[in-house]
Amino acid sequence: QAQLVESGGGFVQAGGSLRLSCVASGLTFSDYPMGWFRQAPGKEREFVGAIARVGGYTQYGDSVKGRFVISRDNWKNTMYLQMNNLSPEDTAVYYCAAHKRRYGGTSRQRDDYDTWGQGTQVTVSS
């Protein structure tokens, strides 16, 4: 059974940086596009970014473009989210997700992902 486990969340001051990791098991990691989403209290889950299976193609949500960078290491079955210049508006639970289609393309749509991690909390203080 596929499983995703996030780590790396925590508390950080505004302007700081954090790096999240997402380790996959139970699936052929390199076959799937991956995504990051986040959910703040009282808000819907928001697209953060996505990365293709290979080749490094990425896409980002407008609110994080230019500040966040997604990467992956298929040998380590791990995806990363480097978050820079954080602001209190970035406070949320961050989730990684695997696309539901093997060999599919990246997507901004939550419904295109069917395997989710448990989430990791990121809190940014002003």
Side-chain angles (χ1 to χ4, degrees):
Q1 183 175 353
Q3 185 176 13
L4 303 175
V5 178
E6 304 96 335
S7 63
F11 293 88
V12 64
Q13 288 190 330
S17 298
L18 278 177
R19 188 195 199 200
L20 305 184
S21 298
C22 170
V23 178
S25 60
L27 75 164
T28 305
F29 183 69
S30 59
D31 287 352
Y32 293 89
M34 298 291 294
W36 285 101
F37 290 76
R38 68 185 183 185
Q39 189 165 17
K43 295 188 176 181
E44 292 201 355
R45 196 165 294 190
E46 174 191 19
F47 173 75
V48 173
I51 186 166
R53 300 184 298 112
V54 295
Y57 172 77
T58 53
Q59 56 180 158
Y60 297 95
D62 290 342
S63 61
V64 307
K65 199 174 298 182
R67 299 187 298 123
F68 289 12
V69 178
I70 297 175
S71 61
R72 66 190 291 167
D73 185 336
N74 287 341
W75 292 106
K76 295 182 178 180
N77 290 350
T78 303
M79 177 177 63
Y80 305 97
L81 179 65
Q82 177 67 43
M83 305 186 293
N84 301 317
N85 193 22
L86 286 160
S87 72
E89 290 70 33
D90 295 315
T91 294
V93 178
Y94 284 71
Y95 299 89
C96 66
H99 200 284
K100 64 185 178 183
R101 282 180 50 206
R102 206 167 187 170
Y103 310 123
T106 56
S107 171
R108 298 172 175 265
Q109 304 302 317
R110 187 176 56 192
D111 290 346
D112 284 336
Y113 298 85
D114 63 355
T115 300
W116 295 83
Q118 83 289 349
T120 185
Q121 176 71 47
V122 172
T123 303
V124 185
S125 63
S126 57

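These values consider heavy atoms only, across backbone and side chains, with no hydrogens, waters or symmetry-generated copies.
Note that CG of Asn74 and CE of Met79 are 11.0 Å apart. Values are rounded to the nearest 0.5 Å. Rounded to the nearest 0.5 angstrom, Glu6 CD and Tyr95 OH are separated by 8.0 Å. Atom SG of residue Cys96 and atom OH of residue Tyr80 lie 12.0 Å apart, to the nearest 0.5 angstrom. The distance from the OH atom of Tyr32 to the CG atom of Asp114 is 8.0 Å, given to the nearest 0.5 Å. Note that the OH atom of Tyr113 and the CZ atom of Arg45 stand 13.0 Å from one another [nearest 0.5 Å].
The shortest side-chain heavy-atom distance between Gln3 and Val23 does not fall under the 4.5 Å cut-off. Within the 4.5 Å cutoff, side-chain heavy atoms of Cys22 are placed close to those of Trp36. Between Leu27 and Thr115 there is no side-chain heavy-atom pair separated by less than 4.5 Å. Residues Tyr103 and Asp31 are in side-chain contact: their nearest non-hydrogen atoms beyond the backbone lie under 4.5 Å apart.
The minimum heavy-atom distance between Tyr94 and Asp90, with the atom names listed, is OH-O, 2.6 Å. Residues Leu20 and Met83 come closest through the heavy atom pair CG-CE, 3.8 Å. When all heavy atoms are compared, the tightest approach of Tyr60 to Val69 is OH-CA, 3.4 Å. Shortest non-hydrogen contact noted between Leu4 and Ala24 is CD2-CB, 3.5 Å. Minimum heavy-atom separation, Pro88 to Ser126: CG-CB, 3.8 Å. Nearest heavy-atom pair across Pro33 and Gly105 is CG-O, 3.6 Å.
Val64 is connected to Val122 through a chain of hydrophobic side-chain contacts under 4.5 Å among Ile, Leu, Val, Met, Phe, Trp and Tyr, so both are in one cluster. Phe68 and Leu18 fall within the same hydrophobic cluster, where Ile, Leu, Val, Met, Phe, Trp and Tyr residues are linked whenever their side-chain heavy atoms come under 4.5 Å apart, directly or through other members. Linking Ile, Leu, Val, Met, Phe, Trp and Tyr residues whenever their side-chain heavy atoms come within less than 4.5 Å places Leu86 and Leu81 in a single cluster. Hydrophobic cluster membership differs between Phe29 and Phe37, with clusters built from Ile, Leu, Val, Met, Phe, Trp and Tyr side chains linked at under 4.5 angstrom.
Residue Glu46 forms a side-chain hydrogen bond (donor to acceptor under 3.5 Å, both in side chains) with just one option from Gln39, Arg38, Arg110, Arg108, and that option is Arg38.
Proximity of a side-chain donor or acceptor of His99 to a complementary backbone N or O of Thr106 within less than 3.5 Å is not detected. No donor-acceptor pair closer than 3.5 Å links the side chain of Arg53 to the backbone N or O of Arg102.
The side chain to side chain donor-acceptor pair (under 3.5 Å) pairs that include a residue from residues 11-21 are Ser17-Asn84, where partners are two or more places apart or lie in different chains.
Enclosure of atom CZ in Arg101 is not indicated, since only 12 or fewer non-hydrogen atoms of other residues, nucleotides or ligands lie within 6.0 angstrom. Environment of NZ in Lys65: crowded, with over 12 heavy atoms of neighbouring residues, nucleotides or ligands closer than 6.0 Å.
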Would you check, one step at a time, whether the test side-chain hydrogen bond (donor to acceptor under 3.5 Å, both in side chains) holds for Gln109 with Ser107?
CA-CA 5 Å; Gln109 304 302 317; Ser107 171; 5.4 Å; no
